[in-house]
Number of protein chains: 2
Amino acid sequence: MARMTPDERREAIVDATLRVMIRQGIAATTVRDVAGEMGTSSGLIHHYFASMDDLLAEAFDRVASDDLARTASAVAASDDPVERLATFFDVYNRSGDDWGMQLWLDAWAEASRRPALQQTSRRLNEAWQALVAGLIRDGVAAGSMTCDDSNAVAWRIISLLDGLALQVIAHAHLVVPDDATAWARGYAEDELALERGALRSKAHHEM
Amino acid sequence: MARMTPDERREAIVDATLRVMIRQGIAATTVRDVAGEMGTSSGLIHHYFASMDDLLAEAFDRVASDDLARTASAVAASDDPVERLATFFDVYNRSGDDWGMQLWLDAWAEASRRPALQQTSRRLNEAWQALVAGLIRDGVAAGSMTCDDSNAVAWRIISLLDGLALQVIAHAHLVVPDDATAWARGYAEDELALERGALRSKAHHEM
DNA sequence: AGACCTATTGCGCAGTTGTCCAACAATGCT
DNA sequence: AGCATTGTTGGACAACTGCGCAATAGGTCT
């Protein structure tokens with residue numbers, strides 16, 4: 001295959017790994033699959049990554065970090081704290097459009113047996129919690145929300161959203177209430193003493 | 001190994017499989033591991049189970065069904081609907097004492113790639129939802145709760161509890177609020193128009 | 001006792017996995 | 001140009017997987 005600079009090659013490997021991970025799941029991602037996805041040899045991968053675990057961990061770390069960064073920048077687009085939190089609910093599904101909550105579920109399940117994944121999983125989760133807690137503190141400082149313990153409330157909101165996502169992806173055939181996300185928003189509005197509908201989806205709102 | 005009747009042997013295999021599943025995870029459970037756990041040969045397992053998928057599905061089905069049955073009977077011990085719901089919160093952690101939520105997480109992640117598991121996972125989840133919805137309907141009928149849509153509220157309570165459990169097992173090092181389960185109870189109390197503390201843990205209450 | 005049934009064994013087969021390594025090719029340096 | 005460095009290949013290796021099968025052992029029935 002065409003020669004690349006080390007940086008390009010590393011990134012190409014991570015990209016290919018992500019595609020395979022999303023398609024087949026973390027546990028079922030093999031060195032040969034990744035090599036085949038790139039159209040190169042399997043030995044090449046071990047030239048750049050000491051072990052398969054390292055590769056998987058780095059790939060997951062990148063996609064998870066990117067998602068967090070994307071959400072953070074989307075939220076930062078507005079100045080109004082309430083609007084920022086509404087944006088968070090809009091974009092948060094623990095996934096970009098392209099890789100899916102399924103990968104998080106995989107990572108959670110694998111994490112207990114793959115220390116490298118566990119570290120990333122925990123670090124990113126803390127970051128998500130910190131992001132939401134920061135939004136809440138901003139809102140309280142601006143006087144548009146009420147909250148005694150921003151960390152606790154952030155933790156609750158994330159737990160709630162994760163549980164909701166878990167149900168949706170694991171039991172897609174069940175009649176999932178259309179207002180599932182509306183329920184999450186309503187909960188947050190109550191908890192933060194916001195008026196009803198304050199966090200309503202902007203996309204929905206503009207229609 | 002000592003000869004057993006077919007029924008005993010089948011059950012012994014399922015028991016051993018469960019022990020290995022809990023210890024190593026579903027995906028990492030192999031025929032040889034199960035055989036080693038029993039102290040028998042691997043061929044014996046294929047004499048009783050057509051495929052490894054069948055064995056894993058049956059083992060998971062049994063532990064999940066047992067847990068549901070145990071919870072249902074614990075709940076049925078009381079006549080008062082509120083007390084029954086409180087008992088549900090006491091015993092529900094989607095796990096007996098001995099196998100852990102980790103197995104559910106594994107099953108969820110594996111289900112998308114193992115149809116046999118998917119079926120059990122969905123069936124049991126529906127049963128849990130139905131159990132809670134029934135408790136709510138009983139409470140409404142008895143006049144001690146208020147609820148318009150028992151199915152929707154049951155779904156929310158289970159989603160909330162699952163998200164909570166997910167956070168706890170996946171990020172055990174995080175400072176999980178001690179009142180995490182209290183939060184879930186409080187939510188249910190609000191949703192069902194119960195007085196504050198009505199669902200408080202009986203174990204805690206009796207101390 | 002002998003005949004029969006079946007639980008159980010132990011091993012082998014084909015396939016897959018992560019990892020390693022000698023050879024090859026392309027690039028840059030002097 | 002010659003040489004060193006390094007990206008890249010393709011295959012070998014041992015360890016693993018689920019599964020199948022001939023042989024054995026233990027029990028029941030006539």
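A note on names: the letters A, B, ... follow the listed sequences, proteins ahead of strands, and every chain is numbered from 1.
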- Task: Could you tell me whether the side chain of A:E189 and the main chain of A:L199 form a donor-acceptor pair under 3.5 Å?
- Result: yes

- Task: Tell me which residues in residues 47-54 of chain B put a heavy atom below 4.0 Å from DNA chain D, sorted by number, or none.
- Result: B:S51, B:M52

- Query: Could you give the CG-to-P distance, from B:D33 to D:dC19, as a whole number of Å?
  - Reply: 14 Å

- Task: Would you indicate whether the side-chain heavy atoms of A:M38 and A:I45 approach each other to under 4.5 Å?
- Result: yes

- Query: A:E11 versus A:D7: any side-chain heavy-atom pair under 4.5 Å?
  - Reply: no

- Per-nucleotide protein contact along nucleotides 23-30 of chain D, 5' to 3', at a 4.0 Å heavy-atom cut-off (B base, S sugar-phosphate only, - neither), is ---BS---

- Specify the residues of residues 5-16 of chain B, ordered by number, for which at least one heavy atom lies under 4.0 angstrom from an atom of DNA chain C. B:P6, B:R9

- Do any of residues 35-46 of chain B sit with a heavy atom less than 4.0 Å from DNA chain C, and if so which? B:T40, B:S41, B:S42, B:G43, B:L44

- Query: Is there a donor-acceptor contact under 3.5 Å from the side chain of B:T40 to the main chain of B:G36?
  - Reply: no

- Query: Looking just at side-chain N and O atoms, do A:D61 and A:Q119 make a donor-acceptor pair shorter than 3.5 Å?
  - Reply: no

- List the atom of B:A57, the atom of B:L117, and the distance in Å for their closest heavy-atom pair. CA-CD2, 4.0 Å

- Sugar-phosphate only, base, or nothing, as touched by A:A2 at under 4.0 Å among non-hydrogen atoms: sugar-phosphate

- Exercise: identify the closest heavy-atom pair between A:G25 and A:D106: CA-OD2, 3.1 Å

- Query: Is a donor on one side and an acceptor on the other found under 3.5 Å between the side chain of B:R10 and the backbone of B:Y48?
  - Reply: yes

- Start and end of the DNA chain C segment that chain B contacts, any atom under 4.0 Å from a heavy atom: C:dT6 to C:dG12

- Note on the structure: By side-chain contact (heavy atoms from CB on, under 4.5 Å), A:D33 pairs with (sequence neighbours left out) A:V20, A:Q24, A:T30

- With a 4.5 Å heavy-atom cut-off, do B:F89 and B:T181 have their side chains touching? no

- Task: Answer with yes or no whether the side chains of B:Y92 and B:D162 bring together a donor and an acceptor at under 3.5 Å.
- Result: yes

